Amino acid sequence: MNNNLINNSKTDKVLLFFNKIFLVVVVLIVTLPLLYVLLGSFLQPDVLLTKGLSFDPKHWTVDGYVRIFNDGSIMRGFLNSILYSTGFTLVSVGFTILAGYSLSIDNLVGKKIIMLYFLFTMFFNGGMVPTYLLVKDLGLLNSPWAIILPGAITVWNIILARTFFKGLPNELKEAARIDGASDAKIFISIILPLAKPIVFVLALYSFIGQWNAYFDAMIYLEDKSLYPLQLVLRDILIQNEVEPGMIGDQLARAELQRISEMIKYSAIVIASLPLMIMYPFFQKYFEKGVMVGSLK
Amino acid sequence: MAQGWGTSPRSDTLTKQIYEGKRKKSSLEYIKKNYILYLFLLPAVVLVFIFNYIPMYGVTIAFKDFSPLKGIMGSEWVGFQHFIKFLESPNFHQIFMNTIKLSTFELLIGFPVPVILALMLNQVRRSKIKKNIQLVLYAPHFISVVVIAGMAFIFLSPAGPLNALLALVIDRPISFMSEPEYFRTIFIASGIWQSAGFASIIYVAALSNVDPQLHDAATIDGASLLQRIRHIDLQTLKPTMAVLFILAVGGIMTIGFEKAYLLQTSMNLPASEIIDTYVYKRGLQAADWSFGAAIGLFNSIISLVLLVTVNAVVKKANGETLY
């Protein structure tokens, strides 16, 4: 891509210069808020409110983190989120891969009808209230299964998996078929080992999606001890409800507000850091996922 | 359609006539022989049936006076009563327009941003720098919507950093989260901040498939940078843009509901109450089941009509279609 600079006119050079400046600005817009929260989480809250960011070590503190670790709710939310996200990912990816493989087989009898059956859900759904009533009738309210099961199968993911399997060279399957292997056997011994990329992509998307979700948990879970991380965060960040355990003794209202402000920053960092650290390692797979999807 | 177990196109044509006569029988045999493939499909089919199709039946409560004691079957039919009640309610106009405005503005303002980003990134010659910029731009995508909303509250509070900056120009701090007039801007800007970078992946990838010789040839012919972007790069992106646009319009009535709910304060409701948040409050929180289901159904029908219409329009204009 280095070779089309043969005859750039002056205006082109100016444009390219501004393009660079603009990209720098975009990068700053994205990073500065994140850095602000990160630095803010280590600052005494009154300093942050009156002076803004300060680099004077006297103003630094890890008090917000200490309070969060001492109180159980965020840590419990963390564990709950790991549990829900893992369960959701196993169910979702497992069943999606199986269905996607079957639907990738050209001469599967009834393929069209089954595909339509799945596709229809893309265009119409019962909506929030009937789904809630169903979950309630199934006795799943206040149960982790209400988080794991309802959204586990999405048409989009089935299409992704099917597209991937269709792209595998047919010769592999043909060769095995001639040897008399059934489709199931072919799946386990030949296809599955080759399916690692799609399994990985789907697992990443499912896990992260569930990790960052709060809405299903909000409507289906009542018991605070079952709350996933995001719901605990919502109480702290949006509802301004800080667990008494984080504040400690009875404190003046101003002090309480001061501390809850500080906890907000640390809570954001603790909740976001794992993914922030991990996603660069998976960048390749995210891009792959988007591309497989674009092939239809 | 059903070709028995013919495994390659050649054997299919050879044995087509035989199969024609025995299609039914061979289908059955196929299913028998390959029952495991259907077993593979079973869990997904069952889950979709339970959690997608049963609620579609459940939505009939929109036409009934549902009470949990009587169940869906036992509750009385009331026809379109709930729909009429919603359409005639004093806040219908506001909620409906809030929904339309929020999602239309988000679509119109948010849709081009990833395209522009991709075009700009495409001009970065050194691939290592480009990769690193992309990596940074993806970051907000991995932040949860709860944290995004929480950050909005922190940054925009009267004592927050934005007001600290504005204090240089204006006297009194603005309470952004309680003023309805700022809600849509906050919603859309935070959305672009969070997802534009990640959304540009697909466009960047499409652009990297453009043959560099095309650009070289155009340059030699005297095409300027802008001309090449317009006639080569944008043309490349058009089909992808079309598909994504259809999808976005189809989702217009359900856009960003989870974030809207988080960014709502009692003060900004005149702008922030949208159909989905209203369904949640009336249908679930106030347990007005039938009324909530009716509003939800009203919403999905509009979405469906929009999706089908836009798909038809884009198909005509562009030759691209979703299904």
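Naming convention: chains lettered A, B, ... in sequence-line order (proteins, then strands); numbering from 1 in each chain. None of the values given here were measured: they were computed from a predicted structure.
Looking at A/Asn212, its side chain does come within 3.5 Å of a backbone N or O of B/Phe142 through a donor-acceptor pair. Under the 3.5 Å distance criterion, the side-chain polar atoms of A/Tyr265 are left unmatched by any main-chain donor or acceptor of B/Ile154. Between the side chain of A/Asn19 and the backbone N or O of B/Met120 there is at least one donor-acceptor pair closer than 3.5 Å. With B/Tyr53 contributing its side chain and A/Thr121 its backbone, the two residues share no donor-acceptor pair below 3.5 Å. In this structure a side-chain-to-backbone donor-acceptor pair under 3.5 Å is present from A/Tyr214 to B/Glu258. In this structure, A/Ser102 contributes its side chain and B/Tyr38 its backbone to no donor-acceptor pair below 3.5 Å.
Using a 4.5 Å cut-off between heavy atoms, A/Ile105 touches chain B through its side chain atoms alone. Interface remark: A/Leu133 contributes side-chain atoms only to the contact with chain B (heavy atom separation under 4.5 Å). Contacts between B/Tyr138 and chain A at a heavy-atom distance below 4.5 Å involve backbone atoms as well as side-chain atoms. Heavy atoms closer than 4.5 Å to chain A are found in the side chain of B/Phe66, but not in its backbone. Contact annotation for A/Leu140: only side-chain heavy atoms (C-beta onward) come within less than 4.5 Å of a heavy atom of chain B. Only the side chain of A/Val91 has a heavy atom closer than 4.5 Å to any heavy atom of chain B. When heavy atoms are compared at a cutoff of 4.5 Å, B/Tyr57 does not approach chain A at all. In this structure, chain B has a heavy atom under 4.5 Å from the side chain of A/Leu138, while its backbone stays farther away. Residue A/Ile208 touches chain B through its side chain alone, counting heavy-atom pairs closer than 4.5 Å. Both the backbone and the side chain of A/Thr131 come within less than 4.5 Å of a heavy atom of chain B. Heavy atoms closer than 4.5 Å to chain A are found in both the backbone and the side chain of B/Ile50. In this structure, the portion of A/Ile114 lying under 4.5 Å from any heavy atom of chain B is its side chain and not its backbone. Within the 4.5 angstrom heavy-atom criterion, no atom of A/Leu231 approaches chain B.
Contact tally against chain B (heavy-atom pairs below 4.5 Å) for A/Thr154, A/Val129, A/Leu134, A/Leu237: the top residue is A/Val129. Looking only at heavy-atom pairs under 4.5 Å with chain B, the residue among A/Val135, A/Ile219, A/Leu229, A/Val24 that has the most is A/Ile219. For chain B, the option among A/Thr11, A/Leu119, A/Leu23 with the highest count of heavy-atom pairs below 4.5 Å is A/Leu23. Highest contact tally toward chain A, considering only B/Pro161, B/Gly283, B/Ala164, is held by B/Pro161 [criterion: heavy-atom pairs under 4.5 Å]. Chosen from A/Gly127, A/Pro130, A/Pro280, A/Ala267, the residue pairing most often with chain B at heavy-atom distances under 4.5 Å is A/Pro130. By number of non-hydrogen pairs under 4.5 angstrom with chain A, the leading residue of B/Gly296, B/Ala293, B/Ser300 is B/Ala293. Considering only heavy-atom pairs separated by less than 4.5 Å from chain A, the leading option among B/Leu135, B/Val48, B/Leu304 is B/Leu135. Of all the listed residues (B/Ile31, B/Val45, B/Val124), the one sharing the greatest number of non-hydrogen pairs under 4.5 Å with chain A is B/Val45. Ranked by heavy-atom pairs shorter than 4.5 Å toward chain A, the options B/Ile36, B/Val59, B/Val146, B/Asn52 are led by B/Val146. The candidate with the highest count of non-hydrogen atom pairs below 4.5 Å against chain A, out of B/Val147, B/Val136, B/Leu284, is B/Leu284.
Between atom CG of residue A/Asp12 and atom CD of residue B/Gln227 there is a gap of 9.0 Å, rounded to the nearest 0.5 Å. Expressed to the nearest 0.5 Å, how far CG of B/Leu41 lies from OH of A/Tyr101 amounts to 11.5 Å. Taken from CD1 in A/Ile29 to CD1 in B/Ile192, the straight-line distance is 10.5 Å, to the nearest 0.5 Å. Residue A/Phe22 holds its CZ atom at 8.0 Å from CD1 of B/Ile116, rounded to the nearest 0.5 Å. Separating the OH atom in A/Tyr279 from the CD1 atom in B/Ile143 is a distance of 9.0 Å, to the nearest 0.5 Å.
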A/Gln230 vs B/Val145, side chain to side chain contact (heavy atoms under 4.5 Å, CB included): CA-CA, chis, key distance, verdict: CA-CA 9 Å; A/Gln230 299 302 329; B/Val145 63; over 6 Å; no
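Annotation: side chain of B/Val46 is not in contact with side chain of A/Phe95 (no heavy-atom distance under 4.5 Å). A/Leu34 has its side chain within reach of B/Met151: a pair of non-hydrogen atoms, C-beta onward, lies under 4.5 Å apart. Annotation: side chain of A/Leu108 is not in contact with side chain of B/Asn34 (no heavy-atom distance under 4.5 Å). When side chains are defined from C-beta on, A/Phe187 does not count as touching B/Leu37, because their heavy atoms never get closer than 4.5 Å.
Annotation: B/Trp193, atom CH2; neighbour count of heavy atoms from other residues, nucleotides and ligands within 6.0 Å is above 12. Within a 6.0 Å sphere centred on CD of B/Gln213, other residues, nucleotides and ligands contribute 12 heavy atoms or fewer.
In terms of heavy atoms, A/Asn107 sits closest to B/Tyr30 at O-CZ, 3.5 Å. Among all heavy-atom pairs drawn from A/Met218 and B/Tyr261, the shortest one is CE-CE2, 3.5 Å. Here the closest non-hydrogen pair linking B/Pro68 and A/Lys136 is CB-NZ, 4.3 Å. Across all their heavy atoms, A/Gln283 and B/Gln134 have their closest contact at NE2-CB, 4.3 Å. B/Ala44 approaches A/Ala99 most closely through the heavy-atom pair CB-CB, 3.8 Å. Across all their heavy atoms, A/Leu149 and B/Phe51 have their closest contact at CB-CE1, 3.7 Å.
Aromatic ring orientation, A/Tyr132 versus B/Trp289: parallel (interplanar angle below 30°, classes split at 30° and 60°).
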